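Since the structure comes first, as structure tokens, the remarks are kept for the end.
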Amino acid sequence: MAGTKEIKTHIESVQETKKITNAMYLIASTKLQRARQELDNTRPYFKALRAEIKRIFRTVKDVDSRYFYPPEGESPLEGAYGCLVITADKGLAGAYNQNAIKEALKLLEQHPDTRLFVVGEYGRRFFASHGVPIQHSFLYTAQNPTMARAREISALLLDGFDRGELKKIFVVYTDMAGAMSYAAQCTRLLPFHRTHFADTAATERAVTEPFEFLPDVRSVLDSMIPSYVSGFIYSALIDSFCCEQDARMTAMDSANRNAEKLLGELSLQYNRVRQAAITQSITEVSAGAKAQRQKKES
């Protein structure tokens with residue numbers, strides 16, 4: 001059985017670890033609030049941009065763009081796919097990273113000729129250690145998602161798509177469905193289906209007068225899509241970052257609760273060992289005193 005010194009050392013070690021996990025919880029909480037605010041500040045612009053693309057399709061029925069499938073439906077696209085995988089730069093976030101990687105591996109299994117574009121040091125190390133080639137790795141983006149970095153990623157993906165090197169582009173990210181729920185998902189980013197912009201909301205303005213597009217509707221649409229793609233990627237980066245911080249908060253809160261439970265058990269064990277040592281000392285003193293009395297009497 002461990003002595004009081006070993007147990008006390010163990011208690012101090014757990015207390016130091018608890019300080020670290022509690023600090024990480026507070027840091028993750030602050031980052032989560034800031035990221036949510038940034039996401040709320042940028043969403044209105046991209047919602048308005050999406051609404052304008054929808055209005056174009058409601059106004060002009062025969063829109064032809066390389067970013068959309070033909071009106072008659074999806075045709076088989078042979079060739080390499082591009083997949084943007086968004087992970088974190090570090091672990092200690094529960095199953096956040098592993099869930100995103102599982103979605104990417106599913107796509108690789110279905111379409112082996114998929115080129116990976118990885119955000120996050122965790123994902124880069126995982127694919128490198130498993131011998132999975134990476135087309136491009138974006139450093140320092142997971143912990144600092146900005147619109148400039150989203151445009152950088154978007155430009156690289158769109159360049160491969162425009163040159164025909166990538167037939168489809170997917171984004172694997174973690175979506176925060178609610179305040180306490182999130183899930184990794186694989187979403188096809190390009191090409192779009194027209195039905196993606198076909199739904200109309202009651203709050204949208206009705207098209208009462210014909211639009212005039214200069215130089216033509218295809219050029220207008222092609223100039224809007226890169227901004228929309230950049231916005232989608234930025235939203236995915238921020239969304240994933242929020243989920244990462246939420247997952248880290250959950251993991252650190254669980255670690256704090258486990259530390260409290262362990263400290264309680266160690267304190268009880270320490271008190272029992274200490275009491276046993278005191279009892280043993282008293283017993284030895286009593287036995288010694290009794291032996292001395294017997295010696296004097298004899």
Side-chain angles (χ1 to χ4, degrees), residues 17 19-39 41-42 82-108 114-157 169-177 180-187 189 230-256:
T17 302
K19 291 179 182 179
I20 296 174
T21 56
N22 188 54
M24 292 182 66
Y25 177 90
L26 296 176
I27 292 172
S29 176
T30 302
K31 289 182 176 180
L32 176 61
Q33 293 178 5
R34 185 171 65 249
R36 280 179 172 172
Q37 185 62 42
E38 291 178 359
L39 187 60
N41 291 339
T42 55
C83 180
L84 176 66
V85 185
I86 302 176
T87 64
D89 283 332
K90 55 186 177 182
L92 300 177
Y96 166 80
N97 290 298
Q98 287 299 324
N99 289 339
I101 289 173
K102 286 179 182 178
E103 291 296 323
L105 293 177
K106 288 180 184 178
L107 181 61
L108 283 170
T114 298
R115 302 177 185 179
L116 296 180
F117 300 80
V118 181
V119 171
E121 184 66 15
Y122 191 100
R124 187 192 68 79
R125 290 184 178 180
F126 176 88
F127 291 118
S129 63
H130 288 75
V132 180
I134 299 175
Q135 183 74 14
H136 191 88
S137 179
F138 300 95
L139 301 177
Y140 314 116
T141 302
Q143 290 299 315
N144 186 26
T146 61
M147 193 63 214
R149 295 186 184 275
R151 290 194 179 100
E152 176 187 346
I153 298 172
S154 174
L156 185 62
L157 294 175
I169 295 177
F170 294 83
V171 179
V172 174
Y173 70 103
T174 308
D175 179 47
M176 182 170 282
M180 298 297 292
S181 62
Y182 48 87
Q185 62 182 26
C186 181
T187 302
L189 182 57
S230 298
F232 184 93
I233 292 176
Y234 178 65
S235 177
L237 289 172
I238 294 291
D239 217 2
S240 296
F241 184 71
C242 288
C243 294
E244 177 196 347
Q245 303 310 318
D246 189 76
R248 183 162 290 113
M249 287 173 59
T250 301
M252 294 303 103
D253 181 63
S254 178
N256 286 337

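Given the structure is predicted, the values throughout are model-derived calculations rather than measurements. Nothing fancy with the numbering, it's 1 onward along the sequence.
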Inter-residue atom distance Gln185.CD - Asn99.CG, 0.5 Å rounding: 12.0 Å

Give a yes or no on whether the backbone of Arg125 and the side-chain of Ser129 come within a donor-acceptor separation of less than 3.5 Å. yes

Is any side-chain heavy atom of Thr187 closer than 4.5 Å to one of Phe232? yes

Donor-acceptor pair, Ser230 side chain versus Arg151 backbone, under 3.5 Å? no

Can you find a heavy atom in the side chain of Leu189 that is under 4.5 Å from one in the side chain of Ile233? yes

side-chain hydrogen bond (donor to acceptor under 3.5 Å, both in side chains) involving Glu152 - partner list, sequence neighbours excluded: none

For the side chain of Ser235 and the backbone of Gly231, is there at least one donor-acceptor N/O pair under 3.5 Å apart? no

Which pair of non-hydrogen atoms, one from Leu157 and one from Ile169, has the smallest distance, and what is that distance? O-CD1, 3.5 Å

Would you say Thr146 and Leu237 make side-chain contact, with heavy atoms under 4.5 Å? no

Can you tell me how far CD1 of Ile86 sits from CD1 of Ile153, rounded to the nearest 0.5 angstrom? 7.0 Å

Heavy-atom pair of closest approach, residues His136 and Leu156: CG-CD2, 3.7 Å

Arg248 vs Lys31, side chain to side chain contact (heavy atoms under 4.5 Å, CB included): CA-CA, chis, key distance, verdict: CA-CA 11 Å; Arg248 183 162 290 113; Lys31 289 182 176 180; over 6 Å; no

What is the distance from atom CG of Leu116 to atom CD1 of Ile134, rounded to the nearest 0.5 Å? 6.5 Å

So, Gln33 and Gln245: side-chain donor and acceptor under 3.5 Å apart, yes or no? no

Distance-only side-chain donor-acceptor flag, Gln98 / Tyr122, under 3.5 Å: yes

Check: Thr174 main-chain N/O paired with Ser240 side-chain donor or acceptor under 3.5 Å: yes

Atom pair CG (Leu26) and OG1 (Thr21), whose distance is rounded to the nearest 0.5 Å: 9.5 Å

When you compare the side chain of Tyr25 with that of Ile20, does any pair of heavy atoms fall below 4.5 Å? no

Before you tell me yes or no, could you show the steps for Phe117 and Cys83 under side chain to side chain contact (heavy atoms under 4.5 Å, CB included), namely the whole-Å CA-CA distance, both residues' side-chain angles and the distance that decides it to 0.1 Å? CA-CA 6 Å; Phe117 300 80; Cys83 180; 6.0 Å; no

For the backbone of Val119 and the side chain of Thr87, can you confirm whether one donor and one acceptor N or O come within less than 3.5 Å of each other? yes

So which atom in Ala100 and which in Val172 form the shortest heavy-atom distance, rounded to 0.1 Å? O-CG1, 3.3 Å

With rounding to the nearest 0.5 Å, note down the distance linking OH in Tyr234 to CZ in Arg149. 12.0 Å

Closer than 3.5 angstrom, by distance alone: can the side chain of Asp239 be matched with the main-chain N or O of Tyr173 as a donor-acceptor pair? no

Between Val118 and Phe138, is a side chain to side chain contact (heavy atoms under 4.5 Å, CB included) present by the stated rule, with each step listed? CA-CA 6 Å; Val118 181; Phe138 300 95; over 6 Å; no

Indicate the atoms forming the closest heavy-atom contact of Glu121 with Asp89, along with that distance. N-OD1, 2.9 Å

Of all heavy-atom pairs linking Ser29 and Met249, the shortest is CA-SD, 3.5 Å

Which heavy atom of Leu107 sits nearest a heavy atom of Cys186, and at what distance? CD2-SG, 4.2 Å

